[in-house]
Each structure stands twice: as structure tokens, then as C-alpha cells.
Protein chains: 2
Amino acid sequence: MANIKDVARLAGVSVATVSRTLDGSPKVAAATRARVLEAVAACGYVTNALARNFRQRRTHTVLVLVPDIANPFFSRIIRGIERVALEHGYRILLGDTQYNAERERAYAALVTQRQADGIICLGMNIPFATGRSRSRLDPDWPPFVMACEYDGEIPAPTVCIDNVRAATEATRHLLGLGHRDIAFISGPRASPLCRDRLAGFTEAMTAAGLRVRRERVRYGDFSLAGGHQQMRALLGGARTPSAVFCANDEMAIGALRAARQAGLALPRELSIVGFDDIAFAEFATPALTTIRQPREQIGVRSMQLMLEILRDGQQPGRRIVLAHELVVRESSVAAP
Amino acid sequence: MANIKDVARLAGVSVATVSRTLDGSPKVAAATRARVLEAVAACGYVTNALARNFRQRRTHTVLVLVPDIANPFFSRIIRGIERVALEHGYRILLGDTQYNAERERAYAALVTQRQADGIICLGMNIPFATGRSRSRLDPDWPPFVMACEYDGEIPAPTVCIDNVRAATEATRHLLGLGHRDIAFISGPRASPLCRDRLAGFTEAMTAAGLRVRRERVRYGDFSLAGGHQQMRALLGGARTPSAVFCANDEMAIGALRAARQAGLALPRELSIVGFDDIAFAEFATPALTTIRQPREQIGVRSMQLMLEILRDGQQPGRRIVLAHELVVRESSVAAP
DNA sequence: TGGTACGATGTAAACGATTACATCCAGCGG
DNA sequence: CCGCTGGATGTAATCGTTTACATCGTACCA
């Protein structure tokens, strides 16, 4: 495998000139440049990125921590991240944490080991936020950005939508259809994002003069099976709600199925609203009413923010809030 | 940031001893080892992976090329790969090619640049197989493994299921239910895997004394929208088939919706069978009959194969065929 | 006791680029 | 004709490890 010395010898110049030519420095004479490029082509030289990264102390790689790669909500965000990364000569290292703290730590270690320049977290945990460095923005932290989720205590750079407002809108939509007994299937209790959605739900209900009864709020795990299970629990009660608002589309689709299995005629006997607008939402039966999150955009902006941080060397406490949109389809209809 | 010299100084030994201690070489006296570890802890030393990779000329990173990260079929395979990788101290670099040759090449270049030790391809293209190096296993190729798809001309290490047989079984299932007019919605024409599935379909039909008419075979793009569109085309014909076999679940779910929109009572008036058994299949309405592919296992075995190749430094032309399974749910019933 | 063998440790040369600094040369003004 | 300037190029240090090889004791055997 040819290295830079071989090229230099072949072109009759020094390695410095080759290096300069290759990263487009303007201080190389045109004739020399041509000779170098010819030599490069002649011996099929390719820069050894390992050596360059080592010398420059950067990897041009960003670690993306995702709680569950199999969740289509995340994969679309990843695509956005990836696109921007590629355009700027960056690569993404994927870390599927599976909501597991040990895996998170294992991955976060890559940054201290210099295998990645920064971290984009799609989940709710900041792996290096522990003990006393919690609740403030530690200057020792590596460059990082949170997407979707955020940590209430830490003013970290974040890209997300206004979850409170989005949940309020979804709930108002159901209220507007005449529903009074509405249940909420949340994600994990610990998730700040879910708390926001619950807050938005509660706010809308209260504003309509309704009380949110304890048993009408259930906690799932964002999965199809989780939604199915929580819906079954709701159906097992004395009275069943006339509408259910789910914290994500997968749970909504799970709930849909549970309701149908229980013999309910959908959407007539039960309205369901999801959250995220994943591709499957439109193809569910009935097609799911949901809140659309600009998923690809979330990825794009997160990566742009990361690039900014890497360039300027400082962590802005910036929070970017993107617009959501209520998408009304077939699953929400007037209350019986 | 402390480096190995600092540790050496602190422990009163040479850098070589520190290095040896850290990678667990047996030729370090217990007392020395203890002193070194203490020094490491004292100054919070972490090995600079960049320097190590550079010196050792390996990255412990594998590039995974996936045609579409947003497709849940792939993400589950990725999870399998990732798990094995992590267990063996490897990381995965994700490349979403979006069926785009240029992106594929851009990513494959990472291997020549030494940013990755090998490639696992989930798509059908081998990015470095061009021109004369096509149709044979080029010894110059970097370590690579194909998962799911494969290239007919190249005896590359591959992990997949027996697509012909699986398609035959799915078709026989429909034939067994009394269907005679069965359509097939394939993936892209160029995909060898789809050709296999079509071959299996044709084989089963022929064995049953039926001819596969040209207009009963349609080519989609593996997406929900693609399945929807192809189904509409089928419904637009003079007579509609009584059953449809789709080359993946997403297209099947798209087809499901198109049929329902056309006013067909499902599954009574139209049976549908998918392929892959993604999580959503079970939650579709009606729940989808499909061929289960051991997705996580495909990932696991692919990565194991990759590790083997990296260890032994040679490319076995091995092909691993994993077992599939017909999962009968609600979407396939007796012909009207 | 001398030589040998072996285990533990140290020394220093890689790895392949980038880049600060030195050098060289041509052109130009005084 | 001299010295200065500035653009083009070369020289060599540097990044932080790993690892081949050298060295140094010590124990053991003849």
C-alpha cells in the first residue's frame, strides 16, 4: 500500500508538498500540483485516515446513541443526521443502547478514548452525567447534543418539538370531537418528554373542565406490545374510555389491535390518537390520527448543531424547537 | 490529558511496561502491575484509541451498509450485528446508502482509507465489485460479508435464508387454501433475492398446474407506498386475484390498505401473505401471514463470520443458510 | 564458581501523516 | 549590485502507542 513518501518520491517533491497539495492548500504551484496528482494516481495512493486522525486528534466521527434502533421513529432521525454528516465529511458510529445504562457507558467511553468527536443522544440519558456533575453543564463534557428528549436539569443543546403544546393540541382535537372520557397511554415514567406530553394532556383536559382520573393514565414502553397491553388494561375496567391518546404511534397501533380484538368497532366506538407520524401510521386500519414530528429535520438540525459545537469548541446551551403538526386521519371521530 | 508517559513516570516504570500491563500481558510482575494500575487510576489515564489504532493498523470498526435505515427489517439485523460487535470490542459505522451507488462508493472508500476493517452489506450491491473484478472473488477486496441479499456471480461469504424454498412454502400455503389466481408483488427487478422469491412462487404455481400470467407479477420497491401502488394496479385489472403474495411485509401492509380502500372485505375477499415478519406484521389488520426471517440471527451470524475473516485474514466463500418459518395469521383464509 | 537460561524490564524504532520553521530563489527597489 | 520580500518548497519534529530487541538480575545446574 503506497504511502505519502512513495508519492513524494515519484513526484520528485517532499512529503510536505504532497500533503499540502492533497488538502488543497493554495501555496502549491500549479505545475507541482499537477505532478503530485499524477503521482497519486499512478500509485493509487489513498490517505491513511488513521494516521491523519491520530495526528490531527480528531476522528470526523460522531457517536449516535439511540435507545432502540428497531424503532422506526429513531431511524428516520438517524437518516437526517447521517445525511448532514456525510455532506460534511463526517461519519456516524451507531450505539444501540437498548435503554441499558451499561451499554450507554460503554459507548460514551469511545469519546474519552478519542474514537469519536462528539455524541448525539436520542434517548433520555446523558451517559456522562453522574454524581455532582449532574444538574449543571460540565465544561469537561465532550461535545454533545440531545435530540427529541432532553434532561430537565441540564441546559444542554437540544433539538425537539414543543411536547406540551403538541399534546394539548391532540387532546383538544379529541375534546372538539365531543370526547369527555379520554385516556392517556404514556411512555416510561422517567422520560421528561412523556411528562411534558402528560402535562399537555392534563392541561387541555383541565381547561375543558375535566379531571384526569388516575386510572386513565397508563405507562407503556413505546412498543407495539406495550400499547397493546396498556389498552387491554384500559378495556378491563368498569367503563371504557371513548378515546385514547398515545405517546407514540407504535403504542397507538398496539392499542388499535387490542381494541379490535376486544370486539370494538373502530373508530366508531373508540377514537385513538398517536404521536410521531411514523410511516406505518398512515397505513394502519383505521389510518392513525397523530402528531407529526419533523423527524428528518430533527436529525439534520442536531447534526448541524454538533458541527457548530465542534467548530467553535464551545457548548451553546441552545435549544432548537421545531414545528409539529396535527395530522387528522381516520382513527379519531366524533364521540358516540 | 494524561498519556502513557505520564503513567510510566508516576509508576516509576517504562512505557513498555505500562503498555504490557494494560493489555494484560502475562510477563509483568504482580507488584509492578499493581503499581501501574494505581498510577493509571491516579491520573485518570485512558488509552488513546487513535494512537493505538494507528500503530496496530486496525480500527476495530466494521462498516455496515444498509439500503434504508428506516426499514424496520434492516434495523433488527443491525441490532444483531451490533450486539456481537460490542461483545468483541468492535464498533459499527453505519452507512445508509439509500439505494444510491455514489453513497455506496463514498462509504466503501472508508475501508481503503483504513477507517474500517471490513464491510457488511445488507443491500444487493457490492460497492467495489466493478468492471473486470466482477464475477469472481477478488483477493484485493477488503473483508466483507453479505447479509440477506447476495450476488449471484460472486461466491462471497453470505448469510441468508433459502428464499426459493420460503416463497414456495408461502405460495403452497395459499394454494392449499384453494386460491388459484394468485399475484406476486416483487421488490426491484435487479434484486437476486427477489428473483429467488419469484422463482419459488413460479415453481409452486407450476407444480400445481397453474400458469403465472405476466400481469400477475408486479415490481415494487419494498416500501409501504410501493405495495399500495402495485395493489391498486392489480385491482384496476379486469379480474382481481383472490390472493397476493408480497416480497416483504411493508409492501403487504401497503397492499392491505389499498385493498381495503377499494372496498374489499379483508381477508374474506382477498388473502395476503407477506415476507420477513417485522413487528408490525402481527399488529396489522388483519394480522399478516408471513415468512419469518431470523433477523437478529442473520445479524449475529454475519458479524461472527466477519470476525472470523478478520481473525484468519482470509475470505471463505462460505454461505450460511438459516431457517425461516411460515407464520400463519389472519390475512390468509380459504378462497371465496 | 562460572555459565546458562529465563523472567522482568527498559530502550528506541517504528506507524504515516501534518505542520512549524528553515531555506531557497527570483524579482525588485534603492 | 545589494539587501529585502515573499512565494514555493524542504526538513524534521511531532502525535501516543506498540513491540522487536537489548539488558539486567537471579536462580539453577554442572
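Proteins get letters first, then strands, A, B, ... in listed order; numbering begins at 1 in each. Predicted model only: the values in this text are computed from it and were never measured.
Using a 4.0 Å heavy-atom cutoff across all strands shown, B/A16 reaches at least one base atom of the nucleic acid. Nucleic acid contact for A/V15: base, since at least one base atom lies under 4.0 Å from a heavy atom of the residue.
To the nearest 0.5 angstrom, B/S302 atom OG is 5.5 Å from B/I81 atom CD1.
Counting non-hydrogen atoms of other residues, nucleotides and ligands closer than 6.0 Å to CD of A/E38 gives a total of 12 or fewer.
Between the side-chain ring of A/F54 and the base of D/dC15, a stacking contact exists by the 5.5 Å and 30° definition.
Of the two residues near DNA chain C, A/M1 and B/S14, the one whose nearest nucleotide lies more 5' is B/S14. The 5' end of DNA chain C is approached more closely, in terms of each residue's nearest nucleotide, by B/R33 than by the other of B/R114 and B/R33.
Shown are B/N53, B/T61, B/T59; of these, the side-chain hydrogen bond (donor to acceptor under 3.5 Å, both in side chains) with A/Q115 is made only by B/N53. Each of B/R79, B/R301, B/R83 was evaluated against B/E296; a single residue qualifies, B/R83, per the salt bridge (Lys or Arg N to Asp or Glu O under 4.0 Å) test.
For B/R52 and D/dT17, a side-chain-to-base donor-acceptor distance below 3.5 Å is absent, hydrogens and geometry of angles not being considered.
For D/dG16, the OP1/OP2 oxygens have a side-chain nitrogen or oxygen of A/R57 closer than 4.0 Å. For B/S19, a side-chain nitrogen or oxygen approaches OP1 or OP2 of D/dT18 to under 4.0 Å.
Rounded to whole angstrom, the span from the CG atom of A/N53 across to the P atom of D/dG16 amounts to 14 Å. Rounding to whole angstrom units, CG of residue A/L50 and P of D/dC15 are separated by 18 Å. If you measure from atom CZ of A/R35 to atom C1' of D/dT9, you get 11 Å, rounded to the nearest angstrom. The distance from atom CZ of A/R20 to atom P of D/dT9 is 8 Å, rounded to the nearest whole Å. Separating the CG atom of B/D6 from the C1' atom of D/dT17 is a distance of 13 Å, rounded to the nearest angstrom. Look at CD on B/Q56: it is 12 Å from C1' on D/dG16, rounded to the nearest Å. Spacing between atom NZ of B/K5 and atom P of D/dT17 amounts to 10 Å, rounded to whole angstrom units. Whole-Å rounding puts the B/L22 CG to D/dT17 P distance at 9 Å.
Of all nucleotides in DNA chain C having an atom under 4.0 Å from a heavy atom of chain A, the first and last in 5' to 3' order are C/dG16 to C/dT19.
B/E308 and B/R318 are joined by a salt bridge, as a carboxylate oxygen and a charged side-chain nitrogen come within less than 4.0 angstrom of each other.
In this structure, A/R295 contributes its side chain and A/P72 its backbone to a donor-acceptor pair below 3.5 Å.
With D/dT17, D/dA12, D/dT9 as the candidates, the nucleotide lying closest to the side chain of B/N3 is D/dT17.
Contact of the B/Y45 side chain with the B/I4 side chain is registered, since non-hydrogen atoms from C-beta on lie closer than 4.5 Å.
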